[in-house]
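These figures come from a predicted structure and were not determined experimentally. In what follows, every heavy atom counts, from backbone to side chain, and hydrogens, waters and symmetry copies are set aside. Residue numbering restarts at 1 for every chain, and letters A, B, ... go by the order of the sequence lines.
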Protein chains: 2
Amino acid sequence: MARCPSEPRRNLAHEIASKMRRGIISGTFKPGEALAEPALAGRFGVSRAPVREAMIELERAGLVQFEITGRTRVRMLEEKDVVEIVEARIALESMGARLAAVRWTDEDTRWIERSITAQQKAASGVKFSALDIAMHEYIMNRGGNDRLFTLWQFVRWQFEMALTHIHSLQETQAPDLRCFSVTGHRKVLKALVERQPEMAAKVMSRHIKDSIEWYPGKRRGPSRQSRARIALPCKTRGHAVPVNVLNPFSQ
Amino acid sequence: MARCPSEPRRNLAHEIASKMRRGIISGTFKPGEALAEPALAGRFGVSRAPVREAMIELERAGLVQFEITGRTRVRMLEEKDVVEIVEARIALESMGARLAAVRWTDEDTRWIERSITAQQKAASGVKFSALDIAMHEYIMNRGGNDRLFTLWQFVRWQFEMALTHIHSLQETQAPDLRCFSVTGHRKVLKALVERQPEMAAKVMSRHIKDSIEWYPGKRRGPSRQSRARIALPCKTRGHAVPVNVLNPFSQ
DNA sequence: TAATTGTAAAGTGTCGACACTTTAACATTG
DNA sequence: CAATGTTAAAGTGTCGACACTTTACAATTA
């Protein structure tokens with residue numbers, strides 16, 4: 001389904017990069033953890049060369065960080081980083097939705113409807129998140145812009161990594177989030193079905209911004225009380241104002 | 001000035017990646033050209049390892065392409081690619097401008113004003129383009145979102161590469177483009193000075209879209225006659241319509 | 001001539017080795 | 001005890017080598 005602009009090399013380096021990516025996203029490798037090449041090479045049963053090459057791939061994707069000394073660590077996440085990631089998602093996905101709206105077909109509609117149905121039946125928060133992201137991926141892919149899609153993947157991985165480190169996501173309020181998020185998805189779908197690019201972009205922006213505000217710990221949805229802010233298109237009379245977002249890391 | 005989220009390793013691989021990037025952007029390495037590791041290693045007087053690592057960096061930035069066989073080529077550019085690059089620029093830079101508007105200072109204003117002055121005095125098309133991109137970089141940087149900035153750099157390099165391969169840019173209509181583009185820059189600056197995020201995003205989108213339509217060969221600016229289309233926020237009554245862009249590769 | 005096959009050249013994927021740098025543990029000294 | 005110097009361990013940067021694969025070319029054949 002997902003397209004791959006530049007066919008990936010089928011070598012050890014790329015394979016290890018994929019494994020490492022999954023490991024970082026799933027939390028096997030924790031933020032700030034040192035990634036020594038000899039240790040990883042031993043772990044995967046290869047020499048250091050493929051490991052080094054994999055590290056470069058992960059660094060470009062923003063999942064690990066090179067220090068001035070040459071050492072590599074899993075990238076750390078603070079509140080500020082989540083805001084950055086969400087802002088980047090909004091930038092890319094609003095354009096993605098805009099593009100997808102122009103080329104939208106009935107088959108696409110059916111795909112999304114099936115996805116939404118599955119989302120409603122999702123048994124757990126993590127299962128729901130997987131379906132949620134898969135739907136966003138589908139729309140980004142349908143935008144037809146390979147470069148936009150590639151950039152989006154970088155952000156998507158960082159977002160998934162952030163999700164696993166937001167404690168409050170775990171199970172607790174899954175039903176509320178699910179219900180709220182599905183409502184947003186329906187609005188996005190409506191704009192796409194009606195082939196209204198601007199509406200799709202706008203609704204997508206709001207959906208992403210709103211859904212992230214559900215994660216923190218509050219149960220009643222978006223609020224305006226916290227410090228971090230996410231810029232988003234929001235009409236006010238003449239002077240637009242950035243809306244607040246709750247702190248995703250509050251325990 | 002430009003920030004660097006993850007301090008780059010100061011090793012041969014990164015150095016070579018930079019040189020190769022400059023070479024690809026400037027046209028020393030032409031689109032479709034094969035990049036054999038032994039040849040490059042000899043050229044730079046190093047072994048293959050750093051070259052391999054540099055290739056991975058460039059592939060992630062979208063400047064080169066890996067084939068299924070493992071061989072590497074400078075990425076080729078068609079009309080479709082320019083559309084993708086510009087759409088990605090619009091997505092990223094509209095958000096960048098939105099963010100920059102919130103944090104805009106008088107010092108930033110002075111910087112941009114100096115830049116615009118220099119742009120007006122630019123002696124050549126290439127010189128103007130350099131100043132133009134530097135101004136866009138400044139604004140992206142002022143957005144304060146490191147991830148957005150990093151993603152933007154990828155697109156920026158691809159855009160610069162595309163520019164060197166658009167024949168019509170060379171000198172001929174430099175004055176017209178310059179005049180037109182500076183007008184757009186002033187509108188962007190106005191929105192930033194007034195700290196209107198939505199206005200800044202909107203004006204930036206339109207500026208990017210319009211300026212690329214100048215490159216083709218026409219002298220009278222944006223037209224609606226060509227095949228390729230760039231999606232852009234543009235208000236129509238209820239139903240937004242993608243606007244056309246001229247073919248940048250028409251000789 | 002055109003197609004096919006065999007062979008050499010070129011290129012990639014991976015590894016182990018070595019030099020240099022940073023880190024960390026330990027011993028020394030005030 | 002704290003501060004400092006010392007040394008061994010760990011880690012990175014780079015290289016050359018070798019096996020395997022793909023490509024290019026030439027010879028062979030229909």
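Atom CD of A:E53 and atom C1' of C:dC15 are 12 Å apart (whole Å). The separation between B:F66 atom CZ and D:dT22 atom P is 17 Å, rounded to whole Å.
Sorted by first and then second residue, the side-chain hydrogen bond (donor to acceptor under 3.5 Å, both in side chains) pairs involving residues 40-49 of chain A (not counting sequence neighbours) are A:E37-A:R48.
Not counting sequence neighbours, the partners of B:A101 by the side-chain contact (heavy atoms from CB on, under 4.5 Å) test are B:L192, B:P197, B:A200. For A:W104, there are no ring-ring contact (aromatic ring centres under 6.0 Å, His included) partners at least two apart in sequence or on another chain. Here B:E57 pairs with B:H14 under the side chain to side chain donor-acceptor pair (under 3.5 Å) rule; sequence neighbours left out. Every residue two or more places apart in sequence or in another chain that forms a side-chain contact (heavy atoms from CB on, under 4.5 Å) with B:K19 is listed here: B:E15, B:R22, B:F44.
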Check nucleotides 8-13 of chain D against the protein and report each pair of N or O atoms closer than 3.5 Å, with its distance, or say if there are none.
residue	atom	partner	partner atom	Å
D:dG11	O4'	A:R71	NH2	3.1
D:dT12	OP2	A:E37	N	3.0
D:dG13	OP2	A:R52	NH1	2.6
D:dG13	OP2	A:R52	NH2	3.1
D:dG13	N7	A:R48	NH2	2.8
D:dG13	O6	A:R48	NH1	2.9

